[in-house]
Amino acid sequence: MNKNFSLGISKPLNILDRDIRNLLYFTIEKNFLIHTSITYPINYLIIKYLLREKDRLKINFICKILGDSLKNFENTISLTKLKYGIKKIHILQLVNLPLKNADKRNFDSLDIYEFKKIISAINKLKEKKIVDKFYLQVFSNDSFEFCNKIKDYVDGFAFYANINEIHLKEKVYNLIREDNIPCMLLSIFGNPKEDKSLNHDLHLDSFEFSQTNFTNNTIAVGRTLKISRLKEISEFKISEKKKFNPKHVETSEIQDTAKNFYERYNVTTFTYVIIFIIKCLIKRILGNVIVNFLKKKLKK
């Protein structure tokens, strides 16, 4: 893997755009990881049908997978492999857990029997080399006690973090650092559109933050459409540690449900694909600048 960075592709990719194609092939060439999910519209079709098989099979995928039941776990593993046309998943990111009480996410509420069946299934996938690692997504309101107990079952934790905010309790953050638990930092660039004070080096500052403020083998997951940023990250060397002062914040985010997961997966219908292709063709004919200008005018 290269530099512990993963390209996030949660928004539909305009594969008719040469720059987007170059971005994907550069990601593959540099051995960056790709973070994705079958819940992200269109993109599994692009990966499966518009990338050469030899290139597609080189990708180290991080994929979101359901973990609320063994049935949903096995189903989303099968769907992910089928829809992306891949034989293995480098890291599966479990987005939820089997709970006896959906309103309480703690170790006592965990359906330990169902959870251990899922862990057993993961271990079998590892033995067959279908899966390399298993990360659990943890949330800002997860307690220290919960994280301290669940850590023995996982290869790492996935959570939201950027140079301004870490979506974890400070005690959980300290546990991760002290026990050197591998991390996956989701949305590492934050939301730059909402912060006009950010400089043009946000991508490099964010990557440095991920590699100096967490644990060994921390993976930064960031979304970008600019190949120049990936090139700079691939060449970046940390020479002098910058000081970052992120806040520990608690949000209302809770674990995903199977119902929501499958609803988002089912968005990619034949009609959705046709409309998306038409939009891509319009952008290609008119150009992104004109399309974006018209969008702004229509919003007004």
Side-chain angles (χ1 to χ4, degrees), residues 1 4 6 8 33 35-37 60-77 80 88-100 102 104-161 166-188 210 213-221 248 253-258 261:
M1 266 40 83
N4 290 340
S6 176
L33 296 89
H35 180 277
T36 190
S37 170
N60 288 289
F61 283 99
I62 303 170
C63 300
K64 290 184 177 182
I65 300 294
L66 287 173
D68 59 314
S69 69
L70 179 62
K71 180 180 178 181
N72 280 328
F73 172 81
E74 292 177 337
N75 189 42
T76 49
I77 287 282
T80 299
K88 69 174 293 183
I89 299 169
H90 177 53
I91 298 175
L92 62 86
Q93 176 190 333
L94 218 61
V95 297
N96 58 10
L97 291 169
L99 301 177
K100 299 172 187 173
K104 291 183 179 179
R105 183 173 149 111
N106 55 46
F107 207 80
D108 290 336
S109 180
L110 186 66
D111 183 339
I112 196 67
Y113 177 69
E114 191 73 6
F115 179 60
K116 286 187 175 179
K117 287 197 293 184
I118 294 168
I119 295 298
S120 177
I122 291 171
N123 290 334
K124 288 177 182 177
L125 291 173
K126 286 181 177 180
E127 289 171 7
K128 294 178 181 178
K129 301 192 182 303
I130 295 172
V131 166
D132 289 330
K133 296 177 183 178
F134 149 49
Y135 282 43
L136 174 68
Q137 185 167 352
V138 292
F139 304 100
S140 59
N141 53 4
D142 281 337
S143 69
F144 169 84
E145 290 74 20
F146 169 79
C147 293
N148 191 38
K149 289 181 179 179
I150 206 81
K151 67 180 173 61
D152 295 329
Y153 295 91
V154 307
D155 296 311
F157 285 150
F159 52 89
Y160 287 93
I166 299 174
H167 293 206
L168 291 177
K169 295 182 186 298
E170 188 169 4
K171 201 172 178 182
V172 173
Y173 170 73
N174 291 334
L175 168 70
I176 288 171
R177 284 183 58 114
E178 289 165 7
D179 285 22
N180 200 29
I181 300 170
C183 302
M184 186 193 306
L185 309 187
L186 306 171
S187 196
I188 191 63
S210 74
N213 287 260
F214 294 87
T215 56
N216 295 339
N217 301 317
T218 291
I219 300 167
V221 180
H248 291 272
E253 187 183 23
I254 57 175
Q255 72 169 28
D256 204 356
T257 65
F261 191 96

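For clarity, every value in this text was computed on a predicted model and none was experimentally measured.
Although no hydrogens or angles enter the test, the distance criterion places a donor-acceptor pair under 3.5 Å between the side chain of T215 and the main chain of I181. Looking only at distances, a side-chain donor or acceptor of H248 sits under 3.5 Å from a matching main-chain atom of L168. Under a 3.5 Å cut-off, the side chain of N180 and the backbone N or O of N216 do form a donor-acceptor pair.
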### Task
Evaluate the side-chain contact (heavy atoms from CB on, under 4.5 Å) criterion for residues Q137 and L186: first the C-alpha distance (whole Å), next the side-chain angles of each, then the deciding distance (0.1 Å), finally the verdict.
CA-CA 10 Å; Q137 185 167 352; L186 306 171; 3.9 Å; yes
### Query
Where do L136 and L94 land on the side-chain contact (heavy atoms from CB on, under 4.5 Å) test, with the steps shown first?
CA-CA 5 Å; L136 174 68; L94 218 61; 4.1 Å; yes
### Task
Check the pair V172 / V138 against side-chain contact (heavy atoms from CB on, under 4.5 Å), numbers first and verdict last.
CA-CA 10 Å; V172 173; V138 292; 5.5 Å; no
#### Entry: Audit row: L99, D68, side-chain contact (heavy atoms from CB on, under 4.5 Å) steps and yes/no
CA-CA 7 Å; L99 301 177; D68 59 314; over 6 Å; no
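The side-chain hydrogen bond (donor to acceptor under 3.5 Å, both in side chains) check on S69 picks up N72, with sequence neighbours excluded. The side-chain hydrogen bond (donor to acceptor under 3.5 Å, both in side chains) search around K171 returns none, not counting sequence neighbours. Residues satisfying the side-chain hydrogen bond (donor to acceptor under 3.5 Å, both in side chains) test with T76, not counting sequence neighbours, are none. Residues satisfying the side chain to side chain contact (heavy atoms under 4.5 Å, CB included) test with K128, not counting sequence neighbours, are I130. Every residue two or more places apart in sequence or in another chain that forms a salt bridge (charged side-chain N to carboxylate O under 4.0 Å, His left out) with D179 is listed here: K151. For Y135, the ring-ring contact (aromatic ring centres under 6.0 Å, His included) criterion is met by no residue, not counting sequence neighbours. A search for salt bridge (charged side-chain N to carboxylate O under 4.0 Å, His left out) contacts involving K126 returns D155, not counting sequence neighbours. Residues passing the side-chain hydrogen bond (donor to acceptor under 3.5 Å, both in side chains) test with K88, sequence neighbours excluded: D132.
Here the CG-CZ distance, from L92 to F73, works out to 5.0 Å after rounding to the nearest 0.5 Å. Separating the OG atom in S37 from the CD1 atom in I65 is a distance of 7.5 Å, to the nearest 0.5 Å. With rounding to the nearest 0.5 Å, the separation of CD1 in I62 from CD1 in I89 is 11.5 Å. In this structure, CG on N4 lies 8.0 Å from CG on L33, to the nearest 0.5 angstrom. Note that CD of Q93 is 4.0 Å distant from NE2 of H35, once rounded to the nearest 0.5 Å. Between N96 atom CG and F261 atom CZ the span is 8.5 Å, to the nearest 0.5 Å.
Using a 4.5 Å heavy-atom threshold, the side chains of I166 and N213 count as separate. Proximity of S187 to V221: side-chain heavy atoms (C-beta onward) are nowhere separated by under 4.5 Å. R105 has its side chain within reach of L97: a pair of non-hydrogen atoms, C-beta onward, lies under 4.5 Å apart. At a threshold of 4.5 Å between non-hydrogen side-chain atoms, the residues I176 and F159 count as touching.
For K169 against N141, the heavy-atom pair with the smallest separation is CE-O, 3.8 Å. The shortest heavy-atom contact between S6 and I219 is CB-CG2, 4.0 Å. The minimum heavy-atom distance between R177 and F214, with the atom names listed, is NH1-N, 3.9 Å. Residues T218 and S210 approach most closely at CG2-O, 3.5 Å, considering heavy atoms. When all heavy atoms are compared, the tightest approach of F107 to Y153 is CZ-CE1, 4.1 Å. Pairing each heavy atom of C147 with each of F157, the nearest pair is O-CZ, 3.7 Å.
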Would you tabulate the side-chain donor-acceptor contacts of residues 114-121 under 3.5 Å, counting partners in other chains and residues two or more places apart, or write 'none'?
from: E114; atom 1: OE1; to: K117; atom 2: NZ; distance (Å): 3.1
from: E114; atom 1: OE2; to: L70; atom 2: N; distance (Å): 2.8

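Counting non-hydrogen atoms of neighbouring residues, nucleotides and ligands closer than 6.0 angstrom, the CD1 atom of I112 exceeds 12 such neighbours.
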